[in-house]
2 protein chains.
Amino acid sequence: MHIQELIKAIKERRRTLKINQKQLSELTEIGLRTIKGLESGKTNPTFKTVTTILDVLGLQLKITTKK
Amino acid sequence: MHIQELIKAIKERRRTLKINQKQLSELTEIGLRTIKGLESGKTNPTFKTVTTILDVLGLQLKITTKK
DNA sequence: GCTAAAAATGCATTATAATGCACTTTAAGC
DNA sequence: GCTTAAAGTGCATTATAATGCATTTTTAGC
């Protein structure tokens, strides 16, 4: 999975849950600027930032073997 | 998935493939010190660092919904 | 328990993620 | 096409990931 897929999944899920970036920032306790940077593809987030956001959105990462 | 699971998966897979940290560093073009920091749980790697390593190891991340 | 290879650690430097604040742009109703 | 909320951007600062080098510790064979 590359970063663009991650971004897409986060945005879609956030909209499904009717949460805006500011609310996601509050729920995750991650700075709004960081959320914005991530969703607009401007930064290379840390693993922790990613998992914290996914967690709040009810999503999670799994490791699989490539075929 | 939390960082410890990721570390465990990377170490196990690397050993299965009989690759040492130095070789993984060369294959991924990620600094050895970064590989060491990650595998010893001392840092919070970037998403790109994680996906690059997994990719070389024949692994990948998937997003799923938590149940 | 010696030896050699692999892994871990300490330290310093560089690059950049995270952050806040102010401002601009875009999207959605009306 | 106004208005307003949401999203995106520019800039400066702080925190820390990435890196290399030298050294120490651990692990695996013998």
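Proteins come first, then strands; the chains are lettered A, B, ... in the order of their sequence lines, and each starts at number 1. What you see is a predicted model, and the numbers here were worked out from it, not measured in a lab. Reckoned from all heavy atoms, side chains included, excluding hydrogens, waters and symmetry mates.
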| message | So for the helix from dG1(C)-dC30(D) to dC30(C)-dG1(D), with five pairs setting each end axis, what is the inter-axis angle to 10°? | response | 70°
| Which atom pair, heavy atoms only, marks the closest approach of Leu57(A) to Arg14(A)? | CD2-CA, 4.2 Å
| request: Report, as yes or no, whether the 6.0 Å neighbourhood of atom NZ on Lys11(A) holds more than 12 heavy atoms from other residues, nucleotides or ligands. | output: yes
| field | Leu17(A) reachable from Leu32(A) in the ILVMFWY side-chain graph, under 4.5 Å edges | value | no
| query | Are Ile3(A) and Ile53(B) connected, step by step, through hydrophobic side chains (Ile, Leu, Val, Met, Phe, Trp, Tyr) whose heavy atoms are closer than 4.5 Å? | reply | yes
| message | Between C1' on dA6(D) and CG on Leu32(A), what's the gap in Å once rounded to a whole number? | response | 10 Å
| For atom NZ of Lys18(A), is the number of surrounding heavy atoms from other residues, nucleotides or ligands below 6.0 Å larger than 12? | no
| task | Applying side chain to side chain contact (heavy atoms under 4.5 Å, CB included), name anything that partners Val56(A), two or more places apart in sequence or on another chain. | result | Leu24(A), Leu27(A), Thr28(A)
| query | Thr49(A) and Thr52(A): side-chain hydrogen bond (donor to acceptor under 3.5 Å, both in side chains), yes or no, with the steps? | reply | CA-CA 5 Å; Thr49(A) 291; Thr52(A) 299; over 6 Å; no
| remark: For Gly37(B) and Ser40(B), the nearest pair of non-hydrogen atoms, with its separation, is O-OG, 3.4 Å
| query | Where does the chain A footprint on DNA chain C start and end, counting 5' to 3' with a 4.0 Å heavy-atom cut-off? | reply | dA17(C) to dC21(C)
| said: Using the side-chain contact (heavy atoms from CB on, under 4.5 Å) definition, which of the options Arg15(B), Gln21(B), Lys22(B), Gln23(B) pairs with Ile19(B)? | reply: Gln23(B)
| What pair of heavy atoms forms the shortest contact from Glu39(A) to Ile10(A), and how long is it? | OE2-CG2, 3.6 Å
| query | How far apart are the closest heavy atoms of Phe47(A) and Asn44(B), and which atoms are they? | reply | N-OD1, 3.6 Å
| Mind checking whether Ile7(A) and Leu61(A) sit in one hydrophobic cluster, side chains of I, L, V, M, F, W, Y counted as touching below 4.5 Å? | yes
| field | Nearest-Å distance for atom pair CD/P, residues Gln23(A) and dA5(D) | value | 13 Å
| request: For residues Ser25(B) and Gly31(B), report the shortest heavy-atom separation together with the two atoms involved. | output: OG-C, 3.6 Å
| said: With side-chain contact (heavy atoms from CB on, under 4.5 Å) as the criterion, how do Arg13(A) and Leu54(A) come out once you've worked through the C-alpha distance, each side chain's angles and the decisive distance to 0.1 Å? | reply: CA-CA 9 Å; Arg13(A) 181 69 166 180; Leu54(A) 292 180; over 6 Å; no
| Non-hydrogen atoms of Gln60(A) and Met1(B) that approach each other most closely | NE2-N, 3.9 Å
| message | Using a strict heavy-atom distance below 4.0 Å, which residues from residues 9-21 of chain A are in contact with DNA chain D? | response | Lys11(A), Arg14(A), Asn20(A), Gln21(A)
| request: For DNA chain D, determine which residues of residues 37-52 of chain A have any heavy atom closer than 4.0 angstrom to one of its atoms, and list them numerically. | output: Ser40(A), Lys42(A)
| task | Report, as a single string ordered 5' to 3', how protein heavy atoms within less than 4.0 Å touch nucleotides 23-30 of chain D: B base, S sugar-phosphate only, - not at all. | result | --------
